[in-house]
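Reviewing the structure listed below.
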Amino acid sequence: MERKKPKKPRGVARYIEGKCIACGARCQSACPVDAIEMNNRDEPVILLAKCIGCQKCLKVCPAGALEMYYTPDEQKILAEYNRAQAGIEAPASAPTAAEWKGVWIFVEQTNGTAHPVSWELLGAGRALARDLGVELAAFILGSGIQHLIPEAFGYGADKVYVIDNAVLKHYRTYPYLEASLQLIRKYKPEIVLMGATGQGRDLAGAVATELRTGLTADCTGLSISQADRLLEQTRPAFGGNIMATILTETHRPQMASVRPHVMPKPDFQSGRQGSVILEEFSLPEDQITTKILEVIPLRSESTVNLAAARVIVSGGRGMMGPENFALLRELADLLGGVIGCSRSAVDAGWLPHAHQVGQTGKTVKPKLYIACGISGAIQHLVGMQNSDYIIAINKDKNAPIFSVAHLGIVGDLFEILPALIAELQNHYAQLEEKSLAVI
Ligand SMILES: Cc1cc2nc3c(=O)[nH]c(=O)nc-3n(C[C@H](O)[C@H](O)[C@H](O)COP(=O)(O)OP(=O)(O)OC[C@H]3O[C@@H](n4cnc5c(N)ncnc54)[C@H](O)[C@@H]3O)c2cc1C
């Protein structure tokens, strides 16, 4: 039977707040059905009941201040329409939602120690599973890794799938891919989440490619669309200038990766139990071309561990030169913290990349983050905005860093930092005096 071609939905025009340049109501004049009124700021107000979606107002607007709005149902029809226009067939094997059920988290481990991002993902997965009314499962691959099962239950898994096999002792793409595919093809989870770590990025890409499904990397938000039960995968796009919400509408599973420290780690519930599925897996070693001869721990250019730091004192271009980072070092030492920086500081060669915070650096969540001379570009903010307490020092009162700061100090960092350091030294000296007096 021939499929009926979708009809393009009309939608309605919508004003993009703050973009109108008060050009003289060109949009109102262009509207053939009087669906636009101007408010007292000379901005358009669209009368939705009248708008026929002809887009004439969009075409005459010199500031691009109007856009088309489509309801979620209309968006689906529009996507189908655009596909039909482009001659792209809807996938023949589009899965039915009923076939694929459950939210799965990949528990990444190295030498039997789980990466904390796995537990953070179980926390995020719990909310998704609750909204979908389905089970939350963890899947663990490795050799001698069954001690991780109670940990997975404690962090929220209802069920744990395990493949415990010697070929999975060290991470290698091929055996981990085969083991993941075996589980996913057999049990058909609708959502699979992995950490955006070196291992997770490698495995998620390979699995998604083999299953011919979508994968959204480095998500900063995950939620369920109430209308159609789809996973809404939000992440920065176009160099971080917009936040895009991505859907995997027609393929399963819906796959996403999330960086460490982006989602909060749930509380551990000791003694919590669930069901365990121990899966047989057979892949002879001689069929795996990658051999691990020796594991040599990475000696990074710097030993800084930003991810685990409780206090980070970060500097940006406003530090003016590498020598001034001594100020940050002094403050960090007093607070028991480490030094971070913006990409500008790395690009200028002031600090190694291991110190960089942000989209292409580390995502951090310390108790205290002090940003000095950092403007707060979105690419920096995505890496530190979940810190428990943020202090920003910047001489520009309009710097975007202040939008995420709990305490903003407008002023010259070369005056503020020495004063802060002196105050802290004074404070510690007084504490020491008091404790000596007690002795
Ligand atoms: C794809 C992509 C990925 C990126 N990834 C990252 C990333 O991971 N991390 C990252 O940080 N950036 C990243 N960037 C770069 C980002 O867009 C910004 O360019 C960068 O964060 C700016 O660094 P900055 O704040 O140090 O410098 P600037 O934006 O130049 O800001 C310097 C600030 O210092 C202040 N200042 C100057 N002198 C003083 C003073 N004496 N006292 C107080 N304040 C002072 C100024 O007012 C200004 O706000 C990325 C960009 C792209 C396109």
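Nothing here was measured: the structure is a model prediction, and the numbers come from that model. Sequential numbering from 1 along the given sequence is applied to the chain's residues. Just follow the structure's listing: the first ligand is 1, and inside any ligand the first atom is 1.
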Which of the numbered atoms in ligand 1 are below 4.0 angstrom from a heavy atom of [X]?
X: Gly316; result: 26 (O)
X: Asp412; result: 40 (C), 41 (N), 42 (N)
X: Gly318; result: 32 (C), 34 (O), 36 (N), 37 (C), 38 (N), 39 (C)
X: Gln356; result: 6 (C), 7 (C), 8 (O), 9 (N)
X: Gly373; result: 26 (O), 32 (C), 33 (C), 34 (O), 35 (C), 44 (N)

Of [options], which has the heavy atom at the shortest distance from [atom]?
atom: atom 42 (N) of ligand 1; options: Asn394, Leu413, Ile378, Leu417; value: Leu413
atom: atom 11 (O) of ligand 1; options: Lys362, His380, Met319; value: His380
atom: atom 31 (O) of ligand 1; options: Gly358, Ser375, Ser342, Gly361; value: Ser375
atom: atom 18 (C) of ligand 1; options: Gly315, Ala377, Gly411; value: Ala377
atom: atom 50 (C) of ligand 1; options: Lys395, Lys397, Gln379; value: Gln379

Just distances here: any N/O of [X] and N/O of ligand 1 closer than 3.5 Å?
X: Val357; answer: yes
X: Phe414; answer: no
X: Ile393; answer: no

Under 3.5 Å, is there a donor on one side chain and an acceptor on the other for [X] and [Y]?
X: Thr360; Y: Gln356; result: yes
X: Gln254; Y: Thr248; result: no
X: Thr234; Y: Thr245; result: yes

Under 3.5 Å donor-acceptor pairs involving side-chain atoms of residues 130-142, not counting sequence neighbours:
| residue | atom | partner | partner atom | Å |
| --- | --- | --- | --- | --- |
| Glu135 | OE1 | Lys159 | NZ | 3.3 |

Could you tell me if the side chain of [Y] sits less than 4.5 Å from the side chain of [X], heavy atoms only?
X: His355; Y: Lys362; result: no
X: Ile288; Y: Leu283; result: yes
X: Leu128; Y: Leu231; result: yes

Which atom pairs, donor and acceptor, lie under 3.5 Å between side-chain atoms of residues 320-337 and protein residues at least two apart or in another chain?
| residue | atom | partner | partner atom | Å |
| --- | --- | --- | --- | --- |
| Asn324 | ND2 | Met319 | O | 2.6 |
| Glu330 | OE2 | Gln425 | NE2 | 3.4 |

* Would you confirm whether the ring centroid of Phe268 sits within less than 6.0 angstrom of the ring centroid of Tyr155? => yes

